[in-house]
Amino acid sequence: MLIYCEKNKTVLSENWEEHIKKIITDIENLLGVKMERTETNLLVKAHISLTNIPDQNLIKCWLFLYDNTGIHESYSKGEIITQNNQFVIKYDKEIPSTDQIKELL
Amino acid sequence: MSFNGDLNATDDGLELETKGQIHTYSTENTALNVGTDSYILSAASGETTGLEWVANTDAGLTLGAKGDIHTRSASDQAALAVGTNLKSLYANSAETTGLEWNTNARETLTAAGDILYASGANTLARLAKGSDTEVLTLASGVPSWAAAAGGGATVTTNEIHPTADFSTSSTSFVDATNYDTTIANETGGGFIASGIVGWYNTNNGSDNSSYKLVHGTTSQGITNVNNNFPKQGGTPISLPIEFMGSTDGNDLKIQAMVSMGTSTARGSGDFVHVSILEVA
C-alpha cells in the first residue's frame, strides 16, 4: 500500500540528513514498526522514500506498507512496481491517515 | 710609320702554309692545323698550344621558338618544343627524346573544392566538390559525393543534475525522484552517460547503500552500473559512472536502495552529476 503526500516546508540541503532521521523516527513510532533494516531488525514491514526540494519549499513522501510477505512494493511513473524481496514481511498494524504522515514531515 | 727590315721580329719566321692553319704559340710560335669539319676550337690546357679542335655537339641545332628545350634523341640533338600551358615535363622512354609534356595535378584541379583522384593507373582525375552535407563515398570503384545515408551525427547533451535531495529506506531499488532524464527516441542512435554519483547511508556497514543507472528496464539487456558505498562519518563517497545504450525514448534514471539503514543523495551538494551525450 502506498501513502503519498506532500508538504510545503523548507529544509536546507545541509540539514536534510538530520531532518530525515527525525521523520523516520517519528513515523516508526506512529506505525509501531521499524522501517530501517538493521542487524537486530532483519525483516521490515514498510519503507519510506523522501524527496526534498528546497527551491520549491517542498517535501514529497512515498510511504509503503507492504501488503504481502516477500513482495516489495515501489512506485515508478504512475505504477506500483512489485518484486520479490526476502527482507519484506506483511504490514499488520493500523494504517495511518495521509494527514498523520504529512504532519510528521 | 717606319720599317726595320726584319720580317720575323715577332713570329720567329713562322709561315702558315696550309689552308686553315692558325698561328698560335706553345713554347714558340706554332701553326695549329685546321680541325675537322664542324669541329670547334676549344681551350685545352693539356695541349701543347693550349688549344684543340673538338666535335661541336650542338652542331646544327637551332632553338627556334620561345620555350624550346635543347635535348637529344638516341643519335641527334633535338629541340623539344614547350608544352601547352600547365603541362609538366615527364620522363617517357617511349618518346624519341625520352621526354613528354603531360597532364599534371595543377592542370587537373580547376575549381575550388576539387579533389584529385586516379581514374586509372597513372591517370589523374578531378572530383568536383559536392553539395553541403553530402559525404564522400565510392561508386563504381571511384570516389563520389552522395547524400549521407546515416551516420551523420546530431549530438545533444543532457544531464542529471538535480537540486533535490533524495532518501530511501527501501531494501529494493526504487526510483530516485528527480534523478532522471529522458533519452530521445532516435532510430539507430545511442548515448553515453558519464559522471559521478555520491551516496551515503545512516549505517556504518561496508556495503549498505547501492545505486544504479537504469535505462528502460533491465530486461532490455542494458547493463546497469551498481556500486556499493561505505559510510564514512556521513560523508558522501563519489564514484565515477559510465553507461552506454541506445536511444529508445526511455528514461535514464538513477535508482537507489539500502540493505540496512537509510540511503541519501544530496542533489544540491553538487555530487550527483551525470552528463549524457546523445548521438542520433
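Note on naming: letters A, B, ... go to the chains in the order of the sequence lines (proteins, then strands), and numbering restarts at 1 for each one.
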Can you tell me if [atom1] on [X] sees more than 12 non-hydrogen neighbours from other groups inside 6.0 Å?
| X | atom1 | answer |
| --- | --- | --- |
| A:Glu103 | CD | no |
| A:Lys34 | NZ | no |
| A:Asp55 | CG | yes |

Can you give me every donor-acceptor pair (side chain of residues 123-144 of chain B, partner residue at least two apart or in another chain, under 3.5 Å) with its distance?
| residue | atom | partner | partner atom | Å |
| --- | --- | --- | --- | --- |
| B:Thr123 | OG1 | B:Ala121 | O | 3.0 |
| B:Arg126 | NE | B:Thr110 | OG1 | 3.0 |
| B:Arg126 | NE | B:Asp114 | OD1 | 3.0 |
| B:Arg126 | NE | B:Asp114 | OD2 | 2.4 |
| B:Arg126 | NH2 | B:Asp114 | OD1 | 3.2 |
| B:Glu134 | OE1 | B:Ser131 | N | 2.7 |

### Query
Can you pull out the residues in residues 56-71 of chain A with any heavy atom less than 4.5 Å from chain B?
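At a heavy-atom separation under 4.5 Å, chain B is reached by A:Trp62.
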
[X] [atom1] to [Y] [atom2] distance, which is reported to the nearest 0.5 Å:
| X | Y | atom1 | atom2 | result |
| --- | --- | --- | --- | --- |
| A:Ser49 | B:Met257 | OG | CE | 11.5 Å |
| A:Trp16 | B:Thr264 | CH2 | OG1 | 8.0 Å |
| A:Met35 | B:Ser170 | CE | OG | 11.5 Å |
| A:Asn85 | B:Ser172 | CG | OG | 3.5 Å |
| A:Asn52 | B:Thr177 | CG | OG1 | 12.0 Å |
| B:Thr168 | A:Ile48 | OG1 | CD1 | 8.5 Å |

Is [Y] close to [X] at the side-chain level, that is, under 4.5 Å between some pair of heavy atoms?
| X | Y | result |
| --- | --- | --- |
| A:Arg37 | B:Ser169 | no |
| B:Met260 | A:Glu36 | no |
| A:His47 | B:Thr171 | no |

### Message
Please evaluate residues A:Thr51 and B:Asn178 with respect to the criterion side-chain contact (heavy atoms from CB on, under 4.5 Å), reporting the C-alpha separation (whole Å), side-chain torsions for both, the decisive distance (0.1 Å), and the verdict.
### Response
CA-CA 8 Å; A:Thr51 291; B:Asn178 291 346; 4.0 Å; yes

### Query
Is it the backbone or the side chain of A:Ile24 that comes under 4.5 Å from a heavy atom of chain B, or both, or neither?
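Contact with chain B: side chain only.
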
### Message
If I compare all heavy atoms of A:Pro54 with all of B:Thr163, which pair ends up nearest, and what's the gap?
### Response
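Minimum heavy-atom separation between A:Pro54 and B:Thr163: CD-O, 3.7 Å.
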
